[in-house]
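For the numbers below, each heavy atom of this structure counts, side chains included, while hydrogens, waters and symmetry mates do not.
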Amino acid sequence: MRRATLAPPAFGSYARSHEEVDSLQQRSSTVQEPPGAVPAYRPTPPPAWQPRTDPAPLLPEAEPLRVLGTDAVADADPALLLRLYAELVRGRRYNTQATALTKQGRLAVYPSTTGQEACEIAAALALEERDWLFPSYRDTLAAVARGLDPVQALTLLRGDWHTGYDPHEHRIAPLCTPLATQLPHAVGLAHAARLKGDDVVALAMVGDGGTSEGDFHEALNFAAVWQAPVVFLVQNNGFAISVPLAKQTAAPSLAHKAVGYGMPGRLVDGNDAVAVHQVLTEAVARARRGGGPTLVEAITYRMDAHTNADDATRYRTAGEVEAWRAHDPILLMERELTERGLLDEDGRNAAAEAAETMAAELRERMNADPVLDPMELFSHVYAEQTTQLREQAAQLRAELEAEGEA
């Protein structure tokens, strides 16, 4: 598929030779040397100041890439389309069930991805089993789509454990609540894997708010310099809690930021599951063959509030939300599959029933009171416990024993 590119900046318009720079500096100097005097030393930029990379191939699309509703969808694998649809339906039901659990007191907090399911599902399916996923706190659905137990994905948000799963077993880093701190971790793992000769790619997910953090800059800079096999997926859902994108950046797009670091930027319709899957698959393949990192910006929308503790009506209108409902990722996929004769009423019902079965099991398991051991607070904080942790553990153990005797 051809990609739209923007004209490269006219670097030649201000790239001058050393002699020209010297001449200009001499003419513009306010210090007049007497005739015959040795000219004062005036440093000129060495050749390294000039652009190291042609920016044109790095620039993102002029408009978000779309596949659904275009001629390009004819090249898509029907089996992939049906799987994406089934995962989208299951993901939507997962979001609604997890949100309901917060209202029932079974979950402390839940950041819903309703409306963003296409980004979540595509991220999970674009990776091979040996690859690593680095999610943010909102990306529980991506972890579940990658095969993680739905209850384990919610354990952290329930407050039961540091994280509910073994990251090494599932190749999924712990769900990250601090903004963007998972991005340098992804770069470090990817760089280490390449040094070891492992054929591994890391995919790091972050929201538009996370791009305002220093960790975002540091991760992209290191990744590009090291040519690390890592893909950055920015889910631009319009708001960082209540802060709109326009108050975070004046860039043409977040994808344009990639050019400043020396990596390609891609701009994609984040509600088009097929387009997101295609762009991420290409980026992962490029990283795996040694092409270095890619920054992908997926334009999507957060249909629900930031979390169950947020009142989104204070900073956006109901009309804005309704306008995005017409671009619902499930609706887009369902329309395409129906028009192509790949989905009928029986297929829709089967997907809905499978999603309901998942939700019923999740509800039943989350309604069971967990058996908690307070001493586990000190497990896995450090590889080797510090003196302070050992003292605190001993104090808590003594208090628990005293309560048991009483």
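- You'll find the side chain of Val200 reaches within 4.5 Å of the side chain of Leu189, heavy atoms only.
- For the residue pair Ala173 and Pro135, the shortest heavy atom distance occurs at O-CD, 3.4 Å.
- Nearest heavy-atom pair, Ala118 versus Gly270, reported as atom, atom and distance to 0.1 Å: CB-O, 3.3 Å.
- Under the 3.5 Å distance criterion, the side-chain polar atoms of Asn236 are left unmatched by any main-chain donor or acceptor of Asp208.
- At least one donor-acceptor pair under 3.5 Å links the side chain of Arg130 to the backbone N or O of Asp199.
- Taken to the nearest 0.5 Å, the CG atom of Leu183 stands 13.5 Å off from the CZ atom of Phe222.
- Rounding to the nearest 0.5 angstrom, the gap separating the CG atom in Leu141 from the CG atom in Asn95 is 5.5 Å.
- Looking at Arg158, its side chain never comes within 3.5 Å of a backbone N or O of Ala108 through a donor-acceptor pair.
- Note: Leu220 CG to Met263 CE = 4.0 Å, rounded to the nearest 0.5 Å.
- Checked options Arg90, Glu353, Gln97, Arg363; the residue passing with Met358 is Arg90 (criterion: side chain to side chain contact (heavy atoms under 4.5 Å, CB included)).
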Might you work through the salt bridge (charged side-chain N to carboxylate O under 4.0 Å, His left out) test for Asp166 and Arg171, ending with a clear yes or no?
CA-CA 8 Å; Asp166 180 354; Arg171 298 283 176 129; over 6 Å; no
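- The closest donor-acceptor contact from the side chain of Arg390 to the backbone of Gln385 lies under 3.5 Å.
- For the pair Thr140 and Glu120, the tightest heavy-atom approach, listed with the atom from each and the gap, is N-OE1, 4.3 Å.
- Side-chain contact between Tyr261 and Leu58 is absent, with no heavy-atom pair separated by less than 4.5 Å.
- Using the six-membered ring where Trp is involved, Tyr315 and Phe239 have ring planes that are tilted, between 30° and 60° apart.
- Within the 3.5 Å criterion, the main-chain N or O of Glu356 finds no donor-acceptor partner in the side chain of Arg93.
- Taking CG of Leu254 as the reference point, atom CG of Leu245 lies at 5.0 Å (rounded to 0.5 Å).
- Here the straight-line distance linking atom OG1 of Thr317 with atom CD of Glu322 works out to 10.0 Å at 0.5 Å rounding.
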One pair to check against side-chain hydrogen bond (donor to acceptor under 3.5 Å, both in side chains): Asp310 and Thr307. What are the steps and the verdict?
CA-CA 5 Å; Asp310 174 44; Thr307 68; over 6 Å; no
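- Taking both residues in full, the closest heavy atoms of Val274 and Ala76 are given as CG1-CB, 4.2 Å, listed atom of the first, atom of the second, then distance.
- In this view, Glu361 and Arg365 satisfy the salt bridge (Lys or Arg N to Asp or Glu O under 4.0 Å) rule, not counting sequence neighbours.
- No donor-acceptor distance shorter than 3.5 angstrom exists from the side chain of Glu297 to the backbone of Val234, with no hydrogens or angles considered.
- Atoms CD and CD, on Glu117 and Glu87 in that order, are 11.5 Å from each other to the nearest 0.5 Å.
- Not one N or O on the side chain of Asp328 forms a donor-acceptor pair closer than 3.5 Å with the backbone of Arg325.
- The side-chain hydrogen bond (donor to acceptor under 3.5 Å, both in side chains) test with Arg138 singles out one residue from Gln116, Gln235, His306, and that residue is His306.
- With hydrogens and angles disregarded, a donor-acceptor distance shorter than 3.5 Å links the side chain of Asp272 to the backbone of Leu68.
- For Met375 against Ala393, the heavy-atom pair with the smallest separation is CE-O, 3.5 Å.
- Glu403 pairs by the salt bridge (Lys or Arg N to Asp or Glu O under 4.0 Å) definition with nothing, not counting sequence neighbours.
- Two residues are said to be in side-chain contact when any heavy atoms from C-beta on lie closer than 4.5 Å; Asn367 and Gln104 meet this criterion.
- For Glu129, the CD atom sits in a loose shell: 12 or fewer heavy atoms of surrounding residues, nucleotides or ligands are nearer than 6.0 Å.
- Between the side chain of Thr300 and the backbone N or O of Gly115 there is at least one donor-acceptor pair closer than 3.5 Å.
- Aromatic ring orientation, His327 versus Trp324: perpendicular (interplanar angle above 60°, classes split at 30° and 60°).
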Which donor-acceptor pairs under 3.5 Å do side chains of residues 338-351 form with protein atoms, sequence neighbours excluded?
| from | atom 1 | to | atom 2 | distance (Å) |
| --- | --- | --- | --- | --- |
| Thr338 | OG1 | Glu334 | O | 2.8 |
| Thr338 | OG1 | Arg348 | NH1 | 3.3 |
| Arg340 | NH1 | Val73 | O | 3.1 |
| Asp344 | OD1 | Asp346 | N | 3.2 |
| Asp344 | OD1 | Gly347 | N | 2.9 |
| Glu345 | OE1 | Arg348 | NH2 | 3.0 |
| Asn349 | ND2 | Glu345 | O | 3.3 |

Worked verdict on Arg66 versus Asp269 for salt bridge (charged side-chain N to carboxylate O under 4.0 Å, His left out):
CA-CA 6 Å; Arg66 297 181 178 88; Asp269 183 344; 3.3 Å; yes
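- At least one donor-acceptor pair closer than 3.5 Å links the side chain of Arg286 to the backbone N or O of Gly291.
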